[in-house]
Amino acid sequence: LYLDNFTSSERLVIKGIDRLEIVVTGENRIESDSRVPFSAIDTYVTFSGGGKLTIVNKTQSGVPALYYGNESGCGACAIGMTVTDKTEVFVETNVKDGTAVLIGFNSDASKKDRGFLVKDGGRLIARAKEGIAIDADDITIDNGYVYAKADKAGLYGGTITVENNGIIEAEACEYAIYSARMSVLSGSEVTAKADFYGTYIHNGDIIVSGGKLTGILTGKYEHSNSDKYTLAICSLNDIDVSDGGTIIGKSDKKYSDFGVY
């Protein structure tokens, strides 16, 4: 599918295709105020071409702007996506409890590709007025760039791997990054800014090998106003730093609990 300076105010739905490459050239925009603006149902989508695609959900409450999965709602047959070839995908949702990018989970362990890959200069930028910016099971950034900003969580997922000079910047009120495990490798950088949890890894390890992980507490709220701990970087398992890797936890708050926990 070729998008060349394409503009639409109607939702775009793709289904019945196992894999589809969308070649994006020029400036493209899909903007909808009813239902999900872009849906890829049971389809693995690759964005290439070096152009820019903007996807905006203006008013529909409680639904994502960019959705991969089953059209019934929770992604029972989710697939995934790749952004590559210096292509930029910008996704924004301005609705209550909205998720900008949702790649649905799948209870069938035989199903693959339940996440996304940003590589070879690709860029994925997601902003949610409320809710979560990016929600995916498996996230890999390989010489690509991801920016995620939201109220509840910037980047929410299972395994996050950043390698070959990949970059993640995540911002949120509660959790900038909430993940099961994370690896920052080979010249890559991850920066997480939040009021309560910069980076929170709840199941596996944090591995920083030749990369840099920075967690920042932003200082928007005083500690006394919250019943939660404030943690710049937190792993419930191990933190392993090797091969010149760097891990930094700091706070701009007057009161805070932990830089690295």
Side-chain angles (χ1 to χ4, degrees), residues 24 46-55 66 80-92 100-101 103 115-128 132-150 153-172 175-194 197-201 204-218 232-235 239-250 252 259-260:
V24 180
T46 297
F47 293 99
S48 65
K52 181 179 179 179
L53 173 60
T54 298
I55 301 169
L66 174 58
M81 73 170 183
T82 293
V83 182
T84 186
D85 189 26
K86 298 182 180 179
T87 306
E88 179 174 314
V89 177
F90 174 86
V91 187
E92 184 175 43
V101 179
I103 301 177
F116 70 82
L117 167 65
V118 180
K119 67 175 185 176
D120 297 336
R123 295 169 59 87
L124 176 61
I125 299 172
R127 295 197 307 222
I132 299 171
I134 299 175
D135 186 342
D137 190 17
D138 184 78
I139 298 166
T140 301
I141 315 303
D142 185 350
N143 189 28
Y145 174 82
V146 168
Y147 175 80
K149 183 176 181 179
L155 202 60
Y156 186 94
T159 299
I160 299 175
T161 303
V162 193
E163 56 189 351
N164 297 322
N165 301 304
I167 296 174
I168 290 178
E169 295 180 309
E171 298 183 49
Y175 297 90
I177 296 175
Y178 185 98
S179 173
R181 59 191 60 84
M182 183 167 67
S183 299
V184 184
L185 313 173
S186 55
S188 298
E189 294 191 21
V190 174
T191 303
K193 298 179 181 180
Y197 294 94
T199 297
Y200 184 84
I201 308 301
D205 302 334
I206 294 177
I207 298 173
V208 181
S209 179
K212 182 178 180 181
L213 170 61
T214 303
I216 302 171
L217 297 173
T218 59
I233 296 174
C234 175
S235 172
I239 298 177
D240 183 2
V241 183
S242 63
D243 293 333
T246 303
I247 184 168
I248 299 171
K250 61 182 182 179
D252 295 328
V260 179

Checking Tyr178, Tyr197, Tyr200 against Tyr156 for ring-ring contact (aromatic ring centres under 6.0 Å, His included), the one that qualifies is Tyr178

How far apart are the closest heavy atoms of Met182 and Ile201, and which atoms are they?
CB-CD1, 3.9 Å

At what distance, to the nearest 0.5 angstrom, does CD1 of Ile177 lie from SG of Cys234?
13.0 Å

State, to 0.1 Å, how close Ala176 and Ala194 come at their nearest heavy-atom pair, and which atoms those are.
N-CB, 3.8 Å

Strictly distance-based, threshold 3.5 Å: is any side-chain N or O of Thr191 a donor or acceptor partner for the main-chain N or O of Thr214?
no

Taking side chain as C-beta onward, heavy atoms only, is Ile134 less than 4.5 Å from Tyr147?
no

Enter the distance from Phe90:CZ to Leu53:CG here, rounded to the nearest 0.5 Å.
11.0 Å

Checking side-chain polar atoms at under 3.5 Å, does Glu88 have a donor or acceptor matched by the opposite partner on Tyr145?
no

Heavy-atom closest pair, residues Ala150 and Ala133:
CB-N, 3.4 Å

Please confirm whether the backbone N or O of Ile167 pairs with a side-chain atom of Ser188, one donor and one acceptor, at under 3.5 Å?
no

Over all heavy atoms of both residues, which pair between Leu155 and Ala148 is shortest? Give the atoms and the distance, please.
N-CB, 4.2 Å

NZ/NE/NH1/NH2 to OD/OE distance under 4.0 Å, Glu92 and Arg127:
yes

To the nearest 0.5 Å, what is the distance between CD1 (Ile207) and CG (Asp240)?
6.0 Å

Nearest 0.5 Å please: distance from the CD1 atom of Ile141 over to the CD atom of Glu189.
14.0 Å

Does any non-hydrogen side-chain atom of Ile160 lie less than 4.5 Å from one of Ile168?
yes

Measuring only between side-chain heavy atoms, which start at C-beta, is Thr140 closer than 4.5 Å to Glu163?
yes

With rounding to the nearest 0.5 Å, note down the distance linking OG in Ser209 to CG in Leu185.
6.0 Å

In short, Ala100 meets Ala126 closest at the heavy-atom pair CB-CB, 4.0 Å

Heavy-atom side-chain proximity of Val89 to Met81 below 4.5 angstrom
no

Determine the minimum heavy-atom distance between Ala232 and Ile216, stating which atoms define it.
CB-N, 4.3 Å

Any side-chain heavy atom of Arg181 sitting closer than 4.5 Å to one from Thr159?
yes

Do Asp85 side-chain atoms and Gly49 backbone N/O form a donor-acceptor pair below 3.5 Å?
yes

Please report the interatomic distance CD1(Ile233) to CD1(Ile247), rounded to the nearest 0.5 Å.
4.0 Å

